[in-house]
Amino acid sequence: MKNAASMTVIVVGAGIAGLATAWSLLKSGHKVTIVEQGPIPNPLAASGDHHRIIRRAYPSGSGYGRLITEAYLAWDALWADLGESHLDARGFLCISREPGDEAEDYRKGLEEGGYPFELFQPEVAVARYPFLEANSFRYAYFSPEGGALHCRKIAAGLAAWLRANGANVYEHSRVADIDAENGHITLEGGDTMHADRVVVTAGAWVLKLFPELGGDLATYRTALAYVEPPADLRAAWAAAPVILDVGGRTDGYIVPPTGGAGMKFGSGLHKVPTSDADWNRSPVPGEGEAIRDLFSPPIARVGEYRVAEVVTCAYTFTADEKFLVREKGRCLIVSACSGHGYKFGAAVGRRVAAAVGDGDIDGLKRWLRAEVD
């Protein structure tokens with residue numbers, strides 16, 4: 001396998017991991033081609049939505065909280081190349097509704113890492129955030145180390161940067177087959193490409209190319225509801241932090257209006273296992289309202305939030321919700337990251353590119369699993 005200073009590399013998949021890998025490979029002197037089955041940004045991709053959360057909070061002992069420092073540094077390097085930042089660093093809020101819920105786990109992780117946050121008793125939280133329902137939660141806390149990343153602006157900016165700096169960028173080019181041993185890819189129309197290395201960051205579609213990974217990756221279909229809040233609460237939401245977790249068993253998060261995009265409700269309860277990333281991608285009647293209603297409590301007057309749009313999404317999950325990396329011949333496969341990977345996108349790209357260059361795949365695996373000091 002070639003490991004020279006400059007290689008030809010094909011990146012399959014132009015979500016954030018693929019785009020950031022191509023960006024970092026190009027900066028390292030490699031010749032890069034990136035191939036995407038849809039447009040860039042692709043609204044059907046896991047990283048093709050308007051915005052995603054970045055935050056320091058992770059449960060105690062997970063290891064990912066400390067990797068956020070590197071993630072921020074990588075994003076800063078990316079903003080420097082794009083000439084503008086696509087991060088709204090408005091911080092994040094968590095609400096705990098019962099002992100041992102995810103919000104409490106996140107608080108313990110912040111305490112373990114010595115990361116900053118401000119704890120509010122319920123009456124103080126409701127006074128500061130009037131969209132919260134009184135007497136519906138135990139406490140809330142705010143951390144400044146988080147916010148919203150504007151995904152579509154990032155993807156469009158990266159695609160433009162790649163083209164301007166000599167990469168071959170192919171949109172609407174679905175890969176039908178990969179010969180991992182020989183570094184060949186075949187497109188749906190029959191055209192072929194060859195490279196020294198192939199990096200596959202195909203998200204939920206990776207199982208179509210490597211079905212043998214089905215023992216490690218499970219695919220789910222989920223949906224997100226974009227909503228319009230009541231008129232008297234719009235100003236409060238416009239100034240609000242990202243809501244990382246609404247407590248209890250909802251596994252729910254909220255992104256306020258930011259970057260020109262609307263307000264979003266998403267819940268881990270609203271996901272369905274599927275064997276096909278293309279399955280049932282059209283919203284069903286009442287789906288947005290069902291998602292919205294999961295947020296009462298602790299969001300007050302939820303029935304007054306009008307559902308404006310429902311966006312479907314497909315994710316792959318590992319059993320432990322950590323990144324997955326596999327090397328096969330000339331091919332390096334980096335899985336979608338169980339729904340929490342976007343915030344690490346720029347850092348993942350730099351780490352994958354470094355591993356392609358120096359061959360330290362074991363080191364990459366340890367970093368992606370947060371098993372580093």
Side-chain angles (χ1 to χ4, degrees), residues 49-59 64-65 68-69 71-72 75 85-97 101-111 113 115-134 136-151 153-154 224-230 232-248 250-268 292 294-302 305 339-340 342-344:
D49 198 14
H50 289 291
H51 36 45
R52 295 288 295 276
I53 295 172
I54 185 170
R55 36 83 171 189
R56 176 76 72 172
Y58 273 92
Y64 281 111
I68 292 295
T69 298
Y72 272 119
W75 286 118
S85 171
H86 296 304
L87 167 64
D88 180 358
R90 58 173 63 204
F92 68 87
L93 185 74
C94 283
I95 301 138
S96 177
R97 288 193 282 139
D101 61 13
E102 194 167 47
E104 186 150 279
D105 289 343
Y106 288 153
R107 177 181 62 79
K108 291 177 180 177
L110 291 172
E111 290 172 340
Y115 305 126
F117 68 92
E118 183 180 3
L119 188 68
F120 304 118
Q121 293 304 310
E123 61 275 12
V124 176
V126 171
R128 180 172 294 199
Y129 306 112
F131 44 77
L132 295 178
E133 181 179 329
S136 70
F137 58 97
R138 303 162 65 222
Y139 61 82
Y141 58 90
F142 168 79
S143 169
E145 294 193 318
L149 291 157
H150 300 145
C151 310
K153 293 180 180 180
I154 292 168
L224 309 164
Y226 280 87
V227 304
E228 294 179 2
D232 61 309
L233 293 175
R234 287 175 188 166
W237 276 115
V242 167
I243 313 295
L244 174 59
D245 195 274
V246 297
T250 305
D251 191 16
Y253 64 91
I254 301 171
V255 182
T258 173
M263 178 176 168
K264 179 170 72 179
F265 284 11
S267 169
R292 176 200 65 190
L294 292 171
F295 288 77
S296 176
I299 304 302
R301 301 161 52 194
V302 153
Y305 288 67
H340 72 84
Y342 194 98
K343 68 186 70 61
F344 297 108

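Residue indices begin at 1 and follow the sequence shown.
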For this session: Compare every heavy atom of K153 with every heavy atom of G259, then report the nearest pair and how far apart it is.
Result: O-NZ, 3.1 Å
Exercise. Hey, which of Y141, Y139, Y106 is the one that makes ring pair (Phe, Tyr, Trp, His ring centres under 6.0 Å) with F117?
Worked result: Y141
Exercise. Who are the ring-ring contact (aromatic ring centres under 6.0 Å, His included) partners of Y64, not counting sequence neighbours?
Worked result: Y58, F323, H340, F344
For this session: To the nearest 0.5 Å, tell me how far F137 CZ sits from S96 OG.
Result: 10.0 Å
Exercise. How would you list, by chain and number, every residue that makes a salt bridge (Lys or Arg N to Asp or Glu O under 4.0 Å) with E102, sequence neighbours excluded?
Worked result: none
Problem set entry | Expected output: side-chain K343 to main-chain G146 donor-acceptor under 3.5 Å | no
Exercise. How far does OG1 of T258 sit from CZ of R90, to the nearest 0.5 angstrom?
Worked result: 4.5 Å
For this session: Please round to the nearest 0.5 Å and tell me the distance separating atom CZ of F120 and atom CD1 of I95.
Result: 11.0 Å
Exercise. Under 3.5 Å, side chain of S85 to main-chain N/O of L87, donor-acceptor pair present?
Worked result: yes
Exercise. Quick one: does P229's side chain get under 4.5 Å of M263's, heavy atoms only?
Worked result: yes
Exercise. Is there a side-chain contact between Y115 and S143 (heavy atoms, below 4.5 Å)?
Worked result: no
Exercise. Got a second to check how far I54's CD1 is from R52's CZ, nearest 0.5 Å?
Worked result: 11.5 Å
Exercise. Side chain to side chain contact (heavy atoms under 4.5 Å, CB included) between I68 and E145: does it pass, once the steps are laid out?
Worked result: CA-CA 9 Å; I68 292 295; E145 294 193 318; over 6 Å; no
Throw together a table of side-chain donor-acceptor distances under 3.5 angstrom for residues 236-247, partners on residues two or more places apart or in other chains.
residue: W237; atom: NE1; partner: Y305; partner atom: OH; Å: 2.9
residue: D245; atom: OD1; partner: G247; partner atom: N; Å: 2.7

For this session: Give a yes or no on whether the backbone of G262 and the side-chain of H51 come within a donor-acceptor separation of less than 3.5 Å.
Result: yes
Problem set entry | Pairwise side-chain contact, H86 with L149, heavy-atom cut-off 4.5 Å (strictly under) | no
Exercise. What's the verdict on side chain to side chain contact (heavy atoms under 4.5 Å, CB included) for D49 and Y226, showing C-alpha distance, side-chain angles and the deciding distance?
Worked result: CA-CA 11 Å; D49 198 14; Y226 280 87; 2.8 Å; yes
For this session: Verify, without hydrogens or angle tests, whether S267 (side chain) and T250 (backbone) share a donor-acceptor contact under 3.5 angstrom.
Result: yes
Seminar exercise, completed: Rounded to the nearest 0.5 Å, the CZ atom of R128 sits from the CD atom of E123 at a distance of 12.5 Å
Problem set entry | Any side-chain heavy-atom pair of E133 and I299 under 4.5 Å | no
Problem set entry | Evaluation steps, side chain to side chain contact (heavy atoms under 4.5 Å, CB included), between F131 and V126 | CA-CA 7 Å; F131 44 77; V126 171; over 6 Å; no
Exercise. Do V255 and F265 have side chains that get closer than 4.5 Å, going by heavy atoms?
Worked result: no
Seminar exercise, completed: Residue set satisfying salt bridge (Lys or Arg N to Asp or Glu O under 4.0 Å) with D105, at least two apart, ordered chain then number -> none
For this session: Check step by step if side chain to side chain contact (heavy atoms under 4.5 Å, CB included) holds for Y253 and L224.
Result: CA-CA 10 Å; Y253 64 91; L224 309 164; 2.9 Å; yes
Exercise. Between E104 and R97, does at least one N-O distance fall below 4.0 Å, as a salt bridge requires?
Worked result: no
Problem set entry | Set of residues satisfying salt bridge (Lys or Arg N to Asp or Glu O under 4.0 Å) with respect to D251, sequence neighbours excluded | none
Problem set entry | Residues that R301 engages under salt bridge (Lys or Arg N to Asp or Glu O under 4.0 Å), provided they are two or more places apart | D232, E304
